[in-house]
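Proteins get letters first, then strands, A, B, ... in listed order; numbering begins at 1 in each. Just so it is clear, the model here is predicted, and its values are computed rather than measured.
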Amino acid sequence: MNFIVDATIKAAKLLYQTDITAADVTLQQTRKEFEGQVTIVTFPFVKFSRKSPEQTGTEIGAFIQNEVDVVAGFNVIKGFLNISITDAYWIEQLYQEISSSSFGTFPANGQKVMVEYSSPNTNKPLHLGHIRNNLLGYAVAEILKANGYDVIKANLVNDRGIHICKSMLAWQKFGEGETPESTGMKGDHLVGKYYVRFDRELKAQLSPILSAIYDKKDFTLFNSSEKLKLQTHIGTITYLEAAINKELIVIKLLDFSDFGSRAQILSKSAIDKNIPWKSVLKCFDDEEFENIEEKVIDKKKKDLQRILKHLTDLEEKIQKEKDEIKDVAQNKTQLLIQAQQMLEQWEAGDTEVISLWETMNSWVYAGFAATYKKLGVDFDQYYYESKTYLLGKDIIEEGLAKQVFFKKDDGSVWIDLAADGLDEKLVLRSNGTSVYITQDLGTAQLKYNNYSVDKSIYVVGNEQDYHFKVLFLILQKLGKSWARGLFHLSYGMVDLPSGKMKSREGTVVDADDLMDEMEQTAKTQTEQLGKTADFSEEEKQQLYYTIGMGALKYFLLKVEPKKRLLFDPNESIDFQGHTGPFIQYTHARIKSVLKRAGFNFGAKGTDVKELDAVERDLILTLSQFPEAIMQAARDYSPAIIANYVYDLAKTYNKFYQEKPILKADDEVVKQFRLQLSAATAKIIAKGMRLLGIDVPERM
RNA sequence: GCAUUCGUAGCUCAAUUGGAUAGAGCGUCUGACUACGGAUCAGAAGGUUAGGGGUUCGACUCCCUUCGAGUGCACCA
């Protein structure tokens with residue numbers, strides 16, 4: 001629609017002697033209830049036209065109609081100038097632009113971009129959170145490719161550290177030589193099993209230490225600074241408990257009967273400290289509230305929450321203190337000491353440890369490879385943290401020389417980001433070893449050295465927002481020219497109704513399990529519809545996989561990345577409505593019609609002169625595909641593509657329902673509608689491919 | 001406590017980046033030629049965009065503030 005913008009600029013110059021740029025012209029699609037396809041917002045022009053928005057719109061409209069021959073007419077409603085483009089133009093668009101094979105892919109722009117995603121730890125299998133990460137990363141890479149970038153997909157594997165040592169140690173102690181072969185388990189699951197085992201054993205070793213601290217006030221295991229720390233935390237807990245007791249005096253006088261009989265019982269047991277106050281809030285789940293209006297319950301809930309807020313806050317603070325104590329105490333367990341030793345041995349290059357590490361990692365990699373394959377994602381470049389964790393020290397030297405960093409008396413190196421609203425941040429330990437951010441500084445440099453990329457995208461969860469903010473800021477302060485091209489694609493966590501997923505506690509939705517379940521659901525649904533009678537067994541399996549993964553992928557990608565996602569394992573992912581299978585179905589149906597017609601794509605030329613509203617809408621929607629691709633790349637948001645494709649499928653279905661294709665009265669009209677259908681199927685397939693979703697020919 | 005993200009129909013999500021009467025799906029209710037493929041289509045009901053202020057021709061969108069939810073604030077990674 002550039003010609004409309006150009007004409008508007010010309011209109012401003014000739015009618016009002018004012019120079020404006022393309023950015024000053026707000027173009028949007030005309031709302032369905034008005035006539036026309038393109039709308040110019042005229043309010044901004046009033047300043048220099050010195051006329052009412054309506055009059056300005058009328059004048060510009062008349063000018064544009066006169067200037068551009070494909071403009072058939074216009075109308076002005078309030079400050080909105082709606083322009084109608086001729087049907088001939090839209091038909092031309094369909095045949096020339098939309099149907100061309102290059103539609104929706106931009107020519108190479110000469111820029112390189114690296115997309116780092118997945119980045120798993122090698123001590124446990126992938127879960128739903130990783131799936132979101134992988135799909136986002138893959139889709140963003142595909143979208144950038146379509147925009148003309150040269151894309152490198154990278155995976156920074158976190159293959160070293162205390163977490164792997166935990167799995168290794170547990171396997172060594174309790175594994176009895178189990179292997180993926182001997183157990184028939186996928187390697188990553190086997191290693192994950194021992195990670196969970198470690199945690200269980202650790203808890204067992206921890207409890208006598210904790211009881212020594214709490215019950216006997218026995219600190220013999222700890223050195224003086226640890227002892228001081230523990231005593232401080234215990235002091236705080238005592239203080240918080242006193243605060244609770246004080247609060248209880250008031251609470252005891254309250255009558256909870258307002259909130260039902262369940263609340264009375266629960267509050268009594270909370271007063272006796274048998275249950276936490278937090279669980280008193282669950283009293284509304286009781287059946288006595290079944291017949292009461294939700295609004296009333298909501299109000300009561302809020303009232304109760306307010307009354308108990310002090311207590312629940314205090315409880316939370318106590319929990320935090322206890323966690324701190326646990327952290328200190330844990331370091332005295334035999335298991336954790338051994339795991340630490342193992343890490344040191346690894347760093348020292350101990351052959352036995354290294355060999356165990358290599359073996360267990362190889363199990364995990366085989367498992368990951370299977371999961372990645374099923375998920376349909378891949379990588380061009382692997383980085384391993386075991387190789388990069390020592391990087392970054394030369395950057396520290398560079399920073400010190402440039403006086404971006406400073407050294408404290410104990411030898412540790414810091415950067416002061418107070419001027420940027422952040423804190424002081426450690427970049428090198430006093431013993432000269434790297435911290436997390438040191439490695440990341442080094443790895444960023446390495447990536448640039450390897451590929452001289454113009455942009456580098458990190459697909460990492462939003463819990464690391466602060467880390468990346470600091471990382472990028474440091475690189476900018478060091479004067480790295482490429483630091484401007486760094487971007488943290490931060491996405492929200494995937495939560496379960498019960499809260500956060502924690503692999504140690506077993507509250508995770510496993511990636512492999514979930515994919516299998518989706519396939520199974522697809523099978524059940526398809527069999528119910530009974531449309532696959534003539535499919536071979538292999539075709540069926542392929543179809544269930546395509547549909548199941550389509551549902552899952554679409555479900556995760558249609559939501560804006562930064563929003564957190566709630567996944568309820570008890571509610572299966574839909575196959576109807578705003579879903580992947582809906583779009584896949586639309587594609588399959590078009591293919592079926594085309595096949596019946598024996599349609600030959602690319603056969604040119606018809607004499608259709610006029611379009612019906614639904615046909616025009618469809619061409620209009622199709623023509624917006626490149627814009628959606630650009631926008632998706634600019635915002636790094638596959639959700640834009642997902643919503644566009646849905647909109648397209650929906651628009652097509654409306655057309656399909658209203659207009660006969662094979663039974664069209666006229667052969668010319670029939671050919672035209674076939675062309676329109678074929679173009680739609682192609683764009684749907686292309687759009688879905690950008691999301692990593694395949695569309696079946698039949699389903 | 002400080003920082004940061006989010007809050008839109010009962011539920012899950014949109015809203016062309018500051019534009020018109022805030023749109024879809026699920027769920028509920030009502031319809032669609034003996035299906036060009038019904039995993040579809042048409043219609044109804046459902047909203048004080050968490051509350052309050054401000055900026056302006058115009059605010060879901062920007063600013064301030066209150067409330068609520070998440071996350072981060074280690075010489076861990």
If you check the A:H578 side chain, which of B:rG25, B:rU40, B:rA14 turns out closest?
B:rG25
Short side-chain N/O contact to B:rA39 OP1/OP2 from A:K531, under 4.0 Å:
yes
Taking atom C1' in both B:rC62 and B:rG18, what distance in whole Å separates the two?
8 Å
For atom C1', what is the distance between B:rG10 and B:rG27, given to the nearest Å?
8 Å
Which label fits B:rU12, syn or anti, where anti is any glycosidic angle not within 90° of 0?
anti
In terms of side-chain heavy atoms of A:V435, which of B:rC41, B:rU17, B:rC75 is nearest?
B:rC75
Between B:rA14 (C1') and A:E560 (CD): distance, integer Å:
10 Å
Taking only N and O in the side chain of A:K595, is any of them less than 4.0 Å away from OP1 or OP2 of B:rC36?
no
State which of B:rG19, B:rA39, B:rA20 makes the closest approach to the side chain of A:T39.
B:rA20
Measuring only the P atom in each nucleotide, how far is B:rC75 from B:rC60? A whole number of Å is fine.
45 Å
Just to be sure I understand the rule, does A:P561 reach a base, reach only the sugar-phosphate, or reach nothing, if contact means heavy atoms closer than 4.0 Å?
nothing
Using the P atom as the reference point in each nucleotide, state the distance between B:rU61 and B:rA15 in Å, no decimals.
14 Å
Does A:R634 reach a base, just sugar-phosphate, or nothing at all? Heavy atoms under 4.0 Å.
base
Taking the side chain as everything from C-beta on, heavy atoms only, tell me whether A:K32 gets closer than 4.5 Å to A:D617.
yes
So what's B:rA15 paired with, Watson-Crick or G-U wobble, going by both distances under 3.5 Å?
none
Mind listing the closest non-hydrogen atom pair of A:G461 and A:M493 along with its distance?
CA-CE, 3.7 Å
Quick one: A:N653 CG to B:rA35 C1', roughly how many Å, whole number?
14 Å
So what does A:I164 hit on the nucleic acid, given a heavy-atom distance under 4.0 Å: a base, only sugar-phosphate, or nothing?
nothing
Counting only heavy atoms not in A:Q55 (residues, nucleotides, ligands), do more than 12 fall under 6.0 Å from its CD?
yes
Could you work out which one of B:rA14, B:rC41, B:rA20 sits closest to the side chain of A:Q657?
B:rC41
List the residues meeting ring pair (Phe, Tyr, Trp, His ring centres under 6.0 Å) with A:Y585, not counting sequence neighbours, and say none if there are none.
none
Closest nucleotide of RNA chain B for A:E627 versus for A:D423: which of these residues is on the 5' side?
A:E627
Tell me, with the steps shown, if A:L81 and A:T39 meet side-chain contact (heavy atoms from CB on, under 4.5 Å).
CA-CA 5 Å; A:L81 168 58; A:T39 295; 5.8 Å; no
More than 12 heavy atoms of other groups within 6.0 Å of A:F406 CZ:
yes
Is the distance from OP1 or OP2 of B:rG23 to the nearest side-chain N or O of A:R31 less than 4.0 Å?
yes
Closest to side chain of A:D410, choosing from B:rA39, B:rA77, B:rC75:
B:rC75
A:Y585 side chain near B:rA39 phosphate (N/O to OP1/OP2, under 4.0 Å):
yes
Taking B:rC29 as the reference, what is the distance to B:rC67 when you measure between their P atoms (whole Å, please)?
42 Å
Can you identify which nucleotide, out of B:rG70, B:rC76, B:rU21, has its nearest atom closest to the A:R429 side chain?
B:rC76
Should we say atom CD of A:E347 is surrounded by more than 12 heavy atoms from elsewhere, each under 6.0 Å from it?
yes
Just name whichever nucleotide pairs with B:rC33, Watson-Crick or G-U, keeping both distances under 3.5 Å, else none.
none
Please state how far atom CZ in A:R596 lies from atom C1' in B:rG37, giving the value in whole angstrom units.
8 Å
So, OP1 or OP2 of B:rG38: does either fall under 4.0 Å of a side-chain N or O from A:R589?
yes
For the side chain of A:Q29, starting at C-beta, report the closest nucleotide among B:rU16, B:rC36, B:rA77.
B:rU16
A:F575 CZ to B:rC26 P, in whole Å, measures 15 Å
Once you round it to whole Å, what is the distance between P of B:rU12 and CG of A:L556?
15 Å
Paired with B:rC2 by Watson-Crick or G-U wobble geometry, both distances under 3.5 Å: which nucleotide is it?
B:rG72
Using nucleotides 3-9 of chain B, report all nitrogen or oxygen pairs with the protein that are shorter than 3.5 Å.
unit_1	atom_1	unit_2	atom_2	d
B:rC6	OP1	A:K562	NZ	2.6

Spacing of A:Y652 atom OH relative to B:rG37 atom P, expressed in whole Å:
10 Å
Please state the P separation for the pair B:rG70 and B:rA32 - nearest whole angstrom.
48 Å
Under 3.5 Å on both distances, the Watson-Crick or G-U partner of B:rG10
B:rC26
Quick one: look up who B:rG47 pairs with, Watson-Crick or G-U, both distances under 3.5 Å, and put none if it's unpaired.
none
Among the nucleotides B:rC75, B:rA14, B:rA20, which one has an atom lying closest to any side-chain atom of A:S412?
B:rC75
Atom C1', compared across B:rC26 and B:rA69: separation rounded to whole Å:
24 Å
Measure from CD on A:Q576 to P on B:rC41 and round the result to the nearest Å.
11 Å
Atom-pair distance (CG on A:D574; C1' on B:rU40), nearest Å
15 Å
Would you indicate what A:I547 reaches in the nucleic acid, counting non-hydrogen atoms under 4.0 angstrom: base, sugar-phosphate, or nothing?
base
Taking only Lys NZ, Arg NE, NH1 and NH2, and the carboxylate oxygens of Asp or Glu, determine whether A:D694 and A:K553 approach each other closer than 4.0 Å.
no
Counting heavy atoms not belonging to A:K540, are there more than 12 under 6.0 Å from its NZ?
yes
Quick one: do A:K408 and A:E424 make a salt bridge, cutoff under 4.0 Å?
yes
Under a 3.5 Å cut-off for both distances, is B:rA59 Watson-Crick or wobble paired, and to whom?
none
Can you check whether A:K166 reaches A:N123 side chain to side chain, under 4.5 Å on heavy atoms?
no
Per-pair stack call A:F43 and B:rG19, 5.5 Å, 30°
yes
Take atom P in B:rG25 and the same atom in B:rC6, then report the distance between them in whole Å.
27 Å
Checking contacts here: which listed nucleotide (B:rA42, B:rU71, B:rC75) is nearest the side-chain heavy atoms of A:K650?
B:rA42
Out of B:rG23, B:rG19, B:rA77, whichever nucleotide has its closest atom nearest the side chain of A:E385
B:rA77
